[in-house]
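We count ligands from 1, going down the list as the structure has it; atoms in each ligand are counted the same way. We're numbering straight along the sequence, starting at 1.
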Amino acid sequence: AKEVGRSIFQFYNKNMQKLNASEMILENGLRKAIDQNELELYYQPQFNLDSNEVSSFEALLRWNHPTIGHISPAEFIPLAEDTGLILSIGEWVITTVCKKIKEWHKKGYKSVSVAVNLSAKQFQQSKLAEIIKTAIDSNQIDPKFLEFEITEGAIQDAEKALLTLTKLKEIGVQIAVDDFGTGYSSLSYLKRFPIDTLKIDQSFVKDVLTDNKDAAITTTIIHLAESLGLAVIAEGVEEQEQVEFFKSMNCHKAQGYFFSKPLPEKEIIEHYLTK
Ligand code: C2E
Ligand code: CA
Ligand code: CA
Ligand code: CA
C-alpha cells in the first residue's frame, strides 16, 4: 500500500490491482474534475523580508469534490501522478495561471509573478516546454512573471533535466528548486543547471529556533544560495521569531501562515494586489 497517511487513499495500490470502491470513485471523479470546474487555484503570497512587500504568489491546487467536499492536493496529487491524470491537470494549472497573470496585469495590478508546482511526471513529459510556451504566447504575458517549482526528485535523469531546464530558460521563465535539501540528490546539479531560486523545505523551518541541526542546515542553504548567486526563500514560516531569524541570516524571502495562508483569488485581489 502506498504511504499517504491516514487518508481515504490509505489502501491505494500503485499498480491498480486492488482499487477499492472509494478509490475508483475518486479516480473517475478526478478524470471529470477539470471539465466540471471542480479544480480551483489558491494563491499564497511570498514576502520580501527587506521591504515587507508581496513579491509573488505560489499557486496551490484545490479540489472541491461535489460530495466529499474539499480534497487536499497532498491526497489527490499522488493519485493523479500514478494514473497519469497529472498531465492534463498540470496543463490546466499552467493555462489558468497564465490567464490570471494576464487578467491581473490588465486590471493594473503591478508586477505580479506566480509560481507553479510541477510534479516529476509533468517535468519529464516531452511536451512541457511547448505547453508552457503556448500558454504564455496565447495570453501574451511576459515570461519573467512565471516561475516553476520542481523538486530534486524530478531531476533524476540529469541530462534530460538539463535539456528541459535549458528550454524553459530559453522561454524566459524562472526556476525554483522546491523542498530543497530533502531529495537525497547530489549537489552537483546546482553547478550545471540554470536554476534561479532555492526553496528551503518547511521541515527545516519548523524547528529552526530550537533545533541546532535545523538551524545549521538552514543557514548552510542560505549561504550556498548566496555563494551561487541564487535567490532563496523559506517556506512554512509560522512565527515572528522565525521571520527575525531569516532576516538576520540574510534570507530575503519567506512564505507561510505567519504572513498568510493560501487564499482564493478573490481574497488575493482584496488584500494583496495593489494598483
Ligand atoms: P508544496 O509545493 O511544498 O507546498 C507547500 C504546502 O505547505 C502547501 O500545502 C501549503 O498550503 C502548505 N503551507 C504553506 N505555508 C505553510 C505553513 O506556514 N505551515 C504549514 N504547516 N504548511 C504551510 P498544500 O496546498 O496542501 O499542497 C501540498 C502539496 O501538493 C504541495 O507541496 C505540492 O507538492 C502539491 N501541489 C499543490 N498544488 C499543486 C499543483 O498545482 N501541481 C502539482 N504538481 N502539485 C501541487
Ligand atoms: Ca511548492
Ligand atoms: Ca515545498
Ligand atoms: Ca512538498
For the Ca ion (ligand 2), count the protein N, O or S atoms found under 3.0 Å away. 4
Nearest non-hydrogen contact to atom 5 (C) of ligand 1 from the set Q202, Q242, Q255 belongs to Q202
Can we say D207 and K213 salt-bridge, meaning some charged N sits less than 4.0 Å from an Asp/Glu carboxylate O? no
Q122: heavy atom below 4.0 Å from ligand 1, yes or no? yes
Is it the case that S55 and Q46 place a side-chain donor and acceptor less than 3.5 Å from each other? no
Going by heavy atoms, is R62 under 4.0 Å from ligand 1? yes
Heavy-atom side-chain proximity of L190 to F180 below 4.5 angstrom: yes
contact_flag E235 ligand 1 heavy-atom lt 4.0 Å: yes
Can you tell me how the ring of Y272 sits relative to the ring of F47, calling it parallel under 30°, perpendicular over 60° and tilted otherwise? perpendicular
Show the numbers, then the answer: is there a ring-ring contact (aromatic ring centres under 6.0 Å, His included) between W104 and F145? CA-CA 12 Å; W104 292 345; F145 293 115; over 10 Å; no
N/O donor to acceptor pairs below 3.5 angstrom from side-chain atoms of residues 217-226, sequence neighbours left out:
from: T218; atom 1: OG1; to: D214; atom 2: O; distance (Å): 2.6
from: T219; atom 1: OG1; to: A215; atom 2: O; distance (Å): 2.6
from: T220; atom 1: OG1; to: A216; atom 2: O; distance (Å): 2.7

Any donor-acceptor N or O pair under 3.5 Å, side chains E147, Q174: no
Taking heavy atoms and a distance under 4.0 Å, where does P262 meet ligand 1: side chain, backbone, both or neither? side chain
Going by heavy atoms, is E58 under 4.0 Å from ligand 1? yes
Short version for D201: what comes under 4.0 Å of ligand 1, heavy atoms counted, is neither
When you look for heavy atoms under 4.0 Å from ligand 1, do you find them on the side chain of L61, its backbone, both, or neither? both
